[in-house]
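Chain letters run A, B, ... following the sequence lines, proteins first and then strands; every chain starts at 1.
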Amino acid sequence: MANDLLKASHEFREQLLAWYETHHRKLPWRAPPGETADPYHVWLSEVMLQQTTVKTVIPYFQGFLRRWPTLEALALSEREEILSAWAGLGYYRRAMNLHACARTVMEDYNGTFPNSEQELLKLPGIGPYTAAAIAAIAFSRPANVIDGNIERVIARYCLINTPLPAAKAEIARRASKLAPTQSAQRPGDYAQALMDLGAMICTPKAPSCGRCPVQRSCSAFAQGAAEKLPLRLKKPVKPLRRGAAFLIYRGDSLLLRRRPEQGLLAGMMEVPGTGWTSEPPSKQALLAAAPITAKFAKLRGLVRHTFTHFELELTVYRTQLPGDYDEPITQRDPRLKWVAKHELPRQALPSVMRKVIAHDQ
DNA sequence: TATTCGTGGTC
DNA sequence: TGACCAAGAAT
């Protein structure tokens, strides 16, 4: 009966919100239960949290807020500063979109984030999840917020046996039946409560069903099936790619190169090197990729790094040029740049490149 | 619908 | 150690 379903979803929300009052996590971008947080903080944190753990995000979020206390400050900043501050967080396209989004909101929205999912979705770097999350958390707008945590919670609560990602549509339908439909039902707290439940109780492995506020109505718990859900299709094994990188020092400076605007590590800095291919680079490839002709020493060992869809093994070569070496290579190739050692921490160097540099020491 | 995008932590 | 995976978006 439709009435029973309404009653069940109402009880679900009540139990969840009651639990949230006393068990929520205190996070730097959050407002206390019952209040809405600053849209700038919500947006910044949500973008950083895309496929990234809370623990990793916290110091970056605090660093960004210190450096750019307002949306306007961020919009006025140079992209290079933002890329440098983002270095290490991964998914670097997010940093570009962050900058573009800040400028768009300043220019087209008078510096104020739109409060509807529909408008938020138009902004760069804001997809279905982030639009729903900002609308709910910053503006108390009813929205069907679904992230990885909520996906897992719903798959268990509703005993959805279809494997992901095929189950996404079904999970969204079931979640929408439970979610708030009006502001008074605290959509922001509801979304964050579900996420906290997923992070602290309904965890991927060994869920703590004994402490779960909605255990009594959880279908997976009733079947003893919570831990095995959600099912997932097996992921293909990651191929191995190989390449070489050249550490070229001139005095105390290191030669770096800007990566292309598109693709992997877009717009970030790198140690110059070969392309990354399934076969190790040939001698010709090495010669062609080296920015200068010099006597290189091959360093012992390899730098290994795991990307989302492949593994990488880099051989590192090193050379030391005299401090007055003056071949104008940075003019011949404008992507190249000499960077003093003490400036390296402030460069837009992704983790894999920091590994390459550290491999030397 | 399927790929391409990082990184660090966990078990 | 290796496989999994975390507040997904863009194409």
Report the residue (A:Leu265 or A:Pro165) whose heavy-atom-nearest nucleotide on DNA chain B is the more 5′ of the two.
A:Pro165
Decide whether a cation-pi geometry holds between A:Arg250 and A:Tyr325; the criteria are a distance under 6.0 Å from NZ or CZ to the six-membered ring centre and an angle within 45° of the ring axis.
no
Nucleotide-resolved protein contact map, nucleotides 4-11 of chain C, B/S/- at heavy-atom distance under 4.0 Å
-SBBBSS-
Could you walk me through whether A:Val105 and A:Cys101 satisfy the side-chain contact (heavy atoms from CB on, under 4.5 Å) test, starting with their C-alpha distance in whole Å, then the side-chain angles of each, then the deciding distance to 0.1 Å, before giving a yes or no?
CA-CA 6 Å; A:Val105 172; A:Cys101 183; 4.2 Å; yes
How far, in whole Å, is B:dA2 from C:dA7 if one measures between their C1' atoms?
23 Å
In whole angstroms, the gap separating C1' of B:dT7 from OH of A:Tyr92 amounts to 7 Å
Look at all strands and tell whether A:Val237 reaches a base, only sugar-phosphate, or nothing, counting heavy atoms closer than 4.0 Å.
nothing
Can you measure A:Lys55 atom NZ to B:dT10 atom C1' for me and round it to whole angstrom units?
10 Å
Between P of B:dG6 and CG of A:Leu349, the distance in whole Å:
14 Å
Which is it for A:Leu256 and A:Leu344 under the side-chain contact (heavy atoms from CB on, under 4.5 Å) test, yes or no, and what are the steps along the way?
CA-CA 10 Å; A:Leu256 296 182; A:Leu344 288 175; 4.0 Å; yes
Taking atom P of C:dG2 as reference, at what distance in whole Å does atom CD of A:Glu311 sit?
9 Å
Roughly how far apart, to the nearest Å, are B:dT7 and C:dT11 at atom C1'?
22 Å
Expressed in angstrom and rounded to an integer, what is the separation of A:Lys355 atom NZ from B:dG6 atom C1'?
10 Å
Spacing of A:Trp86 atom CH2 relative to B:dT7 atom P, expressed in whole Å
13 Å
Contact list for residues 275-300 of chain A, test side chain to side chain donor-acceptor pair (under 3.5 Å), sequence neighbours left out:
none
Can you tell me if A:His309 touches the phosphate of B:dT3, counting only side-chain N or O atoms and a distance under 4.0 Å to OP1 or OP2?
no
Which class fits the ring pair A:His24 and A:Tyr20: parallel under 30°, tilted 30 to 60°, perpendicular over 60°?
tilted
Out of A:Tyr40, A:Trp43, A:Trp29, which residue meets the ring-ring contact (aromatic ring centres under 6.0 Å, His included) rule with A:Phe61?
A:Trp29
Can you tell me the distance, in whole Å, between the CZ atom of A:Phe307 and the C1' atom of B:dT7?
10 Å
Quick one: sort the A:Trp86 and A:Phe64 rings into parallel, tilted or perpendicular, breaks at 30° and 60°.
perpendicular
